[in-house]
Amino acid sequence: MTNIIENIREQIRSIVRKALTVAAEKGLLPEMAVNEIFIETPKEKQHGDFSTNIAMLLAKQAKKAPVQIASILIDNMDFTDTYIQRAECAGPGFINFFLETSWLYDTLKIISREGEDYGRINIGQGKKVMVEFVSANPTGPLHMGNARGGALGDCIASVLQAAGYDVTREYYVNDAGNQIEKFGISLEARYIQLLKGEDAIEFPEDGYHGEDIIDHMKDYIEQYGDKLLDADPETRRRELVNFALPRNIERIKKGLEAYGINYDVWFSEQSLYDSGEFEETINFLKEKGLLYEKDGAQWFRATDFGAEKDVVIIRSNGLPTYFASDIAYHRNKFVKRGFDWVINLWGADHHGHVARMKAAVAAVGVDPARLDIVLFQLVRLFKNGEIARMSKRTGRAISLDDLLEEVGRDAARFFFNMKAAGSHLDFDLDLAAKQSNENPVYYVQYAHARICSMLRLLESEGISVPSAEEVDLTLLTASEEQELIKKLAEYPEEIRISAQTLEPSRLTRYVTDVASLFHSFYTECRVKGEEEKLMKARLLLVSATKTVIKNVLDILSINAPERM
RNA sequence: GCGCCCGUAGCUCAGAAGGAUAGAGCGACGGUUUCCUAAACCGCAGGCCAGGGGUUCGAAUCCCUUCGGGCGCACCA
């Protein structure tokens, strides 16, 4: 698909390279080594549409003043068959390029032709990438951190898809190990307490204290009564875990589906043990001499790969740590399943694990640059201007389900993607639930609905969106029209940068800008009732705007309403 | 103590790879509707980019340092 801005940048690079060659041939400049020519977009309109700092960078090599180099280059530029109209030297030696307006009209043609594919690019070239996110322990409900990680991870995945990667969304289910033990013990304690009274057994201090554990056991007793009271504890715990765990996983799945997240793979930690891959991985490390014994435990030499400390992977009681299965899991991702690139989303409180995870990946023979870990800061909820921890309705910690009930999926997803992952996020529940202009979600959705309403009205009068060929786009000369088109032209670039920086928050800002420019256009320029040629040209612009807003909202998995 | 993240307008935040006069939104104030959705638009105000040093043609951005906030530093996950 077409990224017109990238094409223009390429035109400029080529013009500059040719000018350098020509100037050298004429003896005006020496032959110089030029690595890359940076093309920037100036903030000030008077500085043109694009600019380059090449003259400043070459000053030393050329032994000439930047301004002098710039004007030599400009004199030797050839703009034939490009969108460039003219170039100027400005400031300390910038070369500013001004474009023919035809590039704007071509942009509209591209959008009209590509439709829902507009914005898709192919920097990924089909490379296999896995985005693993949320992966919360299935021992309880999803919380706000999971909600942010979910919105972020899902949008990163969508952005990468739009950028041409072959994306797999994955949830790692921690259905083995210590926390499952604790889960079993907690369930068992509640089971006994429910049947024999609070005092019959003391609830373990480090157990899961949530109400949901009690709910599970109430349901279990309702179905199966007290048949496990006399069973041996191990069987009893296994039975209770087998009852509650699938229920939790199912609930998590449902909750995430309601949130608009659909995983390709739910990967079970336990399966690593069942398949023998866990053992295989440990043996692999052993053979490589990367394990040693100390204090009765098995340690992994993470420091050999740049981590700060070595890490225990088999405890002295013989049980593996979480990190041990994580090594096997990541070996599975890269070696067994052949992903070119793996992105994990972790809460920022896990940042201490980044170095050791990369060390582990390196240890199993994979370039750690193929693993990216996106850390996101934790979330504070605000309600009535105060920090909210508990839901008034349920009296429990606010869960993803509560959030969706309170503000809805669109607002939740939009808000979580408004800010960069690394910044702390204050989530204002009142604002997110508000149906007014203070709420940025509605601002964007309203622009879409407004367009749809306009198109409906015109359609009812027999006027439909024309094809780009039958329209005289040069009639679009108002600044509101041209600013809007420029913004629409940037969309493929936004996808590119979001993909490269793994920051989908750019897109919420971008689509807000599009909406804003559209609203300005709408106020200044009428469509219906204008002279027919102008009306058709504007109609095409309106339709292109709708396409872009819809495409962005699709990536964010936010509804683009036709009426509001 | 060591390490990671953060500090930009009253509030919440943008300023990818160093660029020309630092931007939005919200809030405040003042305007706009016989006309395609006013959930909108326009105008105005608001800043020593936490402080101090460096690096260079050029720094909010890179390096050092101080201060302030958050989070890590388990045979938990």
Side-chain angles (χ1 to χ4, degrees), chain A residues 36 38 40 42-44 46-47 51-53 56-57 59-60 65-66 90-94 96 135-137 139 174 177-179 182 206 294-299 308-309 311-323 325-326 347-355 375-378 382 418-426 428 431 434-447 449-458 461 480 496-498 500-503 505-506 509 512-513 515-516 518-530 535 538-539 542 563-564:
Chain A
E36 200 179 341
F38 291 99
E40 297 158 15
K43 283 176 229 157
E44 297 292 320
Q46 55 180 348
H47 295 143
S51 75
T52 178
N53 60 357
M56 277 123 82
L57 296 179
K60 265 187 191 155
F94 290 101
N96 296 332
S135 299
N137 277 338
T139 50
N174 301 125
N178 205 40
Q179 75 286 347
K182 255 167 53 178
D206 62 345
K294 194 178 89 181
D295 305 330
Q298 288 286 324
W299 295 69
E308 245 179 86
K309 292 179 179 174
V311 195
V312 171
I313 61 166
I314 310 285
R315 290 177 279 176
S316 53
N317 62 9
L319 294 175
T321 61
Y322 171 85
F323 183 63
S325 39
D326 234 13
D349 53 337
H350 287 63
H351 69 77
H353 300 265
V354 174
L375 297 172
F376 56 92
Q377 293 292 335
L378 300 185
F382 277 79
M418 270 175 21
K419 283 155 199 180
S423 76
H424 294 265
L425 192 148
D426 290 338
D428 186 335
L431 178 60
K434 217 178 259 183
Q435 306 206 355
S436 80
N437 61 339
E438 293 162 69
N439 189 337
V441 194
Y442 287 92
Y443 183 80
V444 172
Q445 292 184 321
Y446 179 64
R450 214 177 193 189
I451 290 171
C452 291
S453 158
M454 186 194 289
L455 297 181
R456 264 196 312 273
L457 185 69
L458 290 168
E461 296 179 8
E480 287 81 7
R496 199 196 99 233
I497 300 171
S498 301
Q500 286 174 346
T501 57
L502 301 177
E503 268 301 353
S505 63
R506 291 189 70 94
R509 288 191 290 275
T512 306
D513 288 348
S516 171
F518 171 74
H519 287 311
S520 297
F521 158 80
Y522 182 92
T523 307
E524 286 305 313
C525 305
R526 286 197 58 82
V527 178
K528 182 173 173 277
E530 278 294 343
M535 180 191 71
R538 286 183 173 164
L539 192 48
V542 168
R563 292 167 203 274
M564 282 173 81

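In the text below, chain A, chain B and the rest are named by the order of the sequence lines, each starting its count at 1.
Among the heavy atoms of the strands lying under 4.0 Å from A:D295 is at least one base atom, whether or not backbone atoms are also near. Within the 4.0 angstrom heavy-atom criterion, no nucleotide atom of any strand lies near A:E524. Residue contacts for A:I497: at a heavy-atom cut-off of 4.0 Å it reaches a base atom on one of the strands shown. Using a 4.0 Å heavy-atom criterion, one finds that A:R526 contacts the bases of the nucleic acid, with or without backbone contacts as well. Residue-level contact check: A:E40 touches the bases, meaning some heavy atom is under 4.0 Å from a base atom. Using a 4.0 Å heavy-atom cutoff across all strands shown, A:E530 reaches no nucleic acid atom at all. Across all strands shown, A:K309 has heavy atoms under 4.0 Å from sugar-phosphate atoms exclusively, and none from any base. Contacts of A:C452 with the nucleic acid, taken as non-hydrogen atoms under 4.0 Å apart, are absent. In this structure, A:D326 reaches neither bases nor backbone, as no heavy-atom distance under 4.0 Å exists between it and the strands shown. In this structure, A:A449 reaches the bases: a heavy-atom distance under 4.0 Å links it to at least one base atom across the strands shown.
Here A:Y522 does not reach the OP1 or OP2 of B:C42: none of its side-chain N or O atoms lies under 4.0 Å away. Between A:R315 and B:C76, a side-chain N or O to OP1/OP2 separation shorter than 4.0 Å is present. Phosphate proximity of B:A20 to A:K43: present, with a side-chain N or O under 4.0 Å from OP1 or OP2. In this structure, A:S520 reaches the B:C42 phosphate: one of its side-chain N or O atoms is under 4.0 Å from OP1 or OP2. Within the structure, a side-chain polar atom (N or O) of A:S453 is placed less than 4.0 Å from OP1 or OP2 of B:U37. One finds no side-chain N or O of A:R538 lying less than 4.0 angstrom from the OP1 or OP2 phosphate oxygen of B:C36.
For A:H351 and B:C5, a side-chain-to-base donor-acceptor distance below 3.5 Å is absent, hydrogens and geometry of angles not being considered. Not a single donor-acceptor pair, N or O on each side, falls under 3.5 Å between the base of B:G72 and the side chain of A:D349. On a pure distance criterion of 3.5 Å, no polar donor-acceptor pair joins the side chain of A:S516 and the base of B:A24. At a cut-off of 3.5 angstrom, the base of B:C6 holds no donor-acceptor pair with the side chain of A:S423. Donor-acceptor pairing under 3.5 Å, judged by distance alone, is absent between the side chain of A:R450 and the base of B:A38. Judged by atom type and distance alone, A:N53 does not reach the base of B:A20 through any side-chain donor-acceptor pair under 3.5 Å.
A:T321 places a side-chain N or O within donor-acceptor distance of the main-chain N or O of A:V312, the cut-off being under 3.5 Å. With A:Q179 contributing its side chain and A:T139 its backbone, the two residues share no donor-acceptor pair below 3.5 Å. Using a distance-only test at 3.5 Å, with no hydrogens or angles considered, a donor-acceptor pair links the side chain of A:N439 to the main chain of A:L431. Remark: the backbone N or O of A:L319 is paired with a side-chain donor or acceptor of A:N317 at under 3.5 angstrom. Without hydrogens or angle criteria, A:T523 side chain to A:H519 main chain gives a donor-acceptor distance under 3.5 Å. Proximity of a side-chain donor or acceptor of A:R509 to a complementary backbone N or O of A:M418 within less than 3.5 Å is detected.
Using Watson-Crick or G-U wobble geometry with both donor-acceptor distances under 3.5 Å, B:C2 finds its partner in B:G72. Within the shown strands, nothing qualifies as a pairing partner of B:A16 under the Watson-Crick or G-U definition with both distances less than 3.5 Å. Using N1 to N3 plus N6-O4 or O6-N4 for Watson-Crick, or N1-O2 and O6-N3 for G-U wobble, each under 3.5 Å, B:A40 pairs with B:U32. Of all nucleotides present, only B:C11 satisfies the Watson-Crick or G-U wobble test against B:G25, with each distance under 3.5 Å.
Side chain of A:A420, nearest nucleotide from B:A14, B:C2, B:G19: B:A14. Of the listed nucleotides (B:C57, B:A16, B:U21), B:A16 has the atom at the smallest distance from the side chain of A:Q500. When each of B:A39, B:A16, B:C13 is scored by its nearest atom to the side-chain atoms of A:D426, the top-ranked nucleotide is B:C13. Side-chain proximity of A:L457 to B:G70, B:C36, B:A39: nearest is B:C36. Here the side chain of A:M454 is nearest to one of B:A16, B:U37, B:G70, namely B:U37. The side chain of A:H519 sits closest to B:C41 out of B:A16, B:C41, B:C75.
Put simply, CG on A:N137 and NZ on A:K182 are 8.5 Å apart, with the number rounded to the nearest 0.5 Å.
A:R450 forms a cation-pi arrangement with A:Y522, by the criterion of a distance under 6.0 Å to the ring centre and an angle within 45° of the ring axis.
A stacked arrangement is assigned to A:F94 and the six-membered base ring of B:A20, with a centre-to-centre distance below 5.5 Å and an interplanar angle below 30°. Judged by ring centres under 5.5 Å apart and planes tilted less than 30 degrees, A:H47 stacks against the six-membered base ring of B:A20.
If you take CD of A:E44 and P of B:U21, they are 9 Å apart, rounded to a whole angstrom.
Comparing A:A421 and A:P42, the nucleotide of RNA chain B nearest to each residue sits closer to the 5' end for A:A421. Along RNA chain B, the nucleotide nearest to A:N174 and the one nearest to A:F521 differ in position, and the one closer to the 5' end is contacted by A:F521.
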